[in-house]
A.B. asks: 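The structure is given below, and queries will be raised subsequently.
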Amino acid sequence: MADQETTIKALQETENIKKPLARYCRFLDTKQWTAFGELLTEDVQLTFKDTAGNIIFQFYSRKEMLDLTAPMLQSAVTIHYVNQPEITVLSETEASAIWALEDQIIFPEGTAGAPYRAMHGFGIYHQTLKKSDKGWQISSFILDRLKLDITN
């Protein structure tokens with residue numbers, strides 16, 4: 001019975017580890033910036049690469065990420081899908097995950113400062129998470145792009 005309980009607890013924890021990135025996508029797409037920020041540790045490190053492996057955005061804190069992302073994407077239609085998670089529980093308070101990603105960003109016509117009109121991309125998130133009294137939070141991720149279609 002103890003083995004069954006251990007297995008059930010491990011499965012429950014794996015499901016809990018999946019929630020921050022699922023919510024990350026939903027809160028980003030619905031522009032719920034406060035809830036979005038709470039999914040990230042204060043010292044989160046986020047790296048976004050293009051298909052050649054060049055860094056296009058890099059953030060070293062929750063505040064830095066929100067200060068750029070929220071105003072830039074507020075008027076855009078964003079669509080993010082993540083799937084096929086590969087979860088590794090490293091300890092009671094640390095985990096890693098790899099996710100497949102598909103995303104789209106569409107800026108309204110004439111959006112000042114928009115880097116492009118539309119983007120449709122595919123990639124892989126390499127993510128680390130930490131568990132605290134706030135639950136599981138994203139502490140880092142690297143987005144490696146596999147394909148990126150830009151419309152100017």
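Below, all heavy atoms of this structure are taken into account, side chains as well, without hydrogens, waters or symmetry copies.
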A.B. asks: Just verifying a value: how many Å separate Gln45 CD and Phe59 CZ, rounded to the nearest 0.5 Å?
C.D. replies: 13.0 Å
A.B. asks: Not counting sequence neighbours, which residues clear salt bridge (Lys or Arg N to Asp or Glu O under 4.0 Å) with Lys147? List them please.
C.D. replies: Asp149
A.B. asks: How would you list, by chain and number, every residue that makes a ring-ring contact (aromatic ring centres under 6.0 Å, His included) with Tyr60, sequence neighbours excluded?
C.D. replies: none
A.B. asks: Is it true that Ile150 and Leu143 fall in one hydrophobic cluster, defined by side-chain heavy atoms closer than 4.5 Å?
C.D. replies: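 Shared cluster, yes.
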A.B. asks: Closest approach of Gln127 and Leu21, non-hydrogen atoms and distance?
C.D. replies: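 So the two residues come closest at NE2-CB, 3.7 Å.
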A.B. asks: Could you give the side-chain donor-acceptor pairs of residues 86-95 under 3.5 Å, partners two or more places apart or in another chain?
C.D. replies:
unit_1: Ser91; atom_1: OG; unit_2: Thr93; atom_2: N; d: 3.2
unit_1: Ser91; atom_1: OG; unit_2: Glu94; atom_2: N; d: 3.1

A.B. asks: Can you list the residues that meet the side chain to side chain contact (heavy atoms under 4.5 Å, CB included) rule with Ala76, with sequence neighbours excluded?
C.D. replies: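 Only Leu73, Thr78, Ile105, Phe107 meet the side chain to side chain contact (heavy atoms under 4.5 Å, CB included) criterion with Ala76.
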A.B. asks: Mind checking whether Phe36 and Tyr24 have parallel, tilted or perpendicular rings, split at 30° and 60°?
C.D. replies: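 Tilted: the ring planes of Phe36 and Tyr24 meet at 30° to 60°.
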A.B. asks: Which hydrophobic side chains are connected to Val77, either touching it within the sub-4.5 Å cutoff or through other members that do?
C.D. replies: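 Under the 4.5 Å side-chain rule, Val77 groups with Ile79, Tyr81, Ile106.
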A.B. asks: What residues form a side-chain hydrogen bond (donor to acceptor under 3.5 Å, both in side chains) with Arg145, not counting sequence neighbours?
C.D. replies: Asp103
A.B. asks: Could you grab the distance from atom CD1 of Ile124 to atom CD1 of Ile142, nearest 0.5 Å is fine?
C.D. replies: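 Ile124 CD1 to Ile142 CD1: 13.0 Å, rounded to 0.5 Å.
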A.B. asks: Under the side-chain hydrogen bond (donor to acceptor under 3.5 Å, both in side chains) test, which residues partner Lys131, sequence neighbours left out?
C.D. replies: Glu13
A.B. asks: Could you tell me which residues satisfy salt bridge (Lys or Arg N to Asp or Glu O under 4.0 Å) with Asp67, sequence neighbours excluded, listed by chain and number?
C.D. replies: Lys63
A.B. asks: Indicate yes or no for a side-chain donor-acceptor contact from Glu42 to the backbone of Ser61 under 3.5 Å, with no hydrogens or angles considered.
C.D. replies: no
A.B. asks: Does Lys18 have any salt bridge (Lys or Arg N to Asp or Glu O under 4.0 Å) partners at least two apart in sequence or in another chain, and if so, which?
C.D. replies: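 Salt bridge (Lys or Arg N to Asp or Glu O under 4.0 Å) check on Lys18 returns Glu15.
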A.B. asks: For the residue pair Gly121 and Leu148, what are the closest heavy atoms and their distance?
C.D. replies: CA-CD1, 4.0 Å
A.B. asks: Are Phe48 and Leu101 connected in a single hydrophobic cluster, I mean Ile/Leu/Val/Met/Phe/Trp/Tyr linked by side-chain heavy atoms less than 4.5 Å apart?
C.D. replies: yes
A.B. asks: What's the separation between atom CD in Gln84 and atom CD1 in Ile98, rounded to the nearest 0.5 Å?
C.D. replies: 11.5 Å
A.B. asks: With rounding to the nearest 0.5 angstrom, report the CE to CG distance, Met65 to Leu40.
C.D. replies: 6.5 Å
A.B. asks: Would you mind reporting whether Thr69 and Trp33 have side-chain heavy atoms less than 4.5 Å apart?
C.D. replies: yes
A.B. asks: Taking His80's backbone N and O only, do any of them form a donor-acceptor pair with Asp29's side chain (distance below 3.5 Å, no angle check)?
C.D. replies: yes
A.B. asks: Could you report the tightest heavy-atom contact between Val44 and Ser140, atom names first, then the distance?
C.D. replies: CG2-N, 4.0 Å
A.B. asks: OH/Tyr125 to CG/Asp144 distance, rounded to the nearest 0.5 angstrom?
C.D. replies: 11.5 Å
A.B. asks: Taking side chain to side chain contact (heavy atoms under 4.5 Å, CB included) as the test, write out the residues that go with Ala35, two or more places apart.
C.D. replies: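 With sequence neighbours excluded, Ala35 shows a side chain to side chain contact (heavy atoms under 4.5 Å, CB included) to Phe27, Gln32, given in chain and number order.
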A.B. asks: Would you say the side chain of Gln104 lies within less than 4.5 Å of the side chain of His120, judging by non-hydrogen atoms?
C.D. replies: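 Of all side-chain heavy-atom pairs linking Gln104 with His120, at least one is under 4.5 Å.
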A.B. asks: Same hydrophobic cluster for Ile138 and Leu66, using side-chain heavy-atom links shorter than 4.5 Å among ILVMFWY?
C.D. replies: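 Yes, Ile138 connects to Leu66 through the hydrophobic network.
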A.B. asks: Indicate the atoms forming the closest heavy-atom contact of Asn152 with Pro115, along with that distance.
C.D. replies: OD1-O, 4.2 Å
A.B. asks: Taking all non-hydrogen atoms of both residues, which atom of Cys25 and which atom of Val82 are closest, and how far apart?
C.D. replies: SG-CG1, 3.8 Å
A.B. asks: Please identify each residue that fulfils side chain to side chain contact (heavy atoms under 4.5 Å, CB included) with Gln12, with sequence neighbours left out.
C.D. replies: Ile8, Lys9
A.B. asks: Output the distance between atom CZ (Arg26) and atom CG (Leu39), rounded to the nearest 0.5 Å.
C.D. replies: 9.0 Å
A.B. asks: With ILVMFWY side chains joined below 4.5 Å, transitively, what does Leu11's cluster contain besides itself?
C.D. replies: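 In the cluster with Leu11 there is nothing else; it is isolated.
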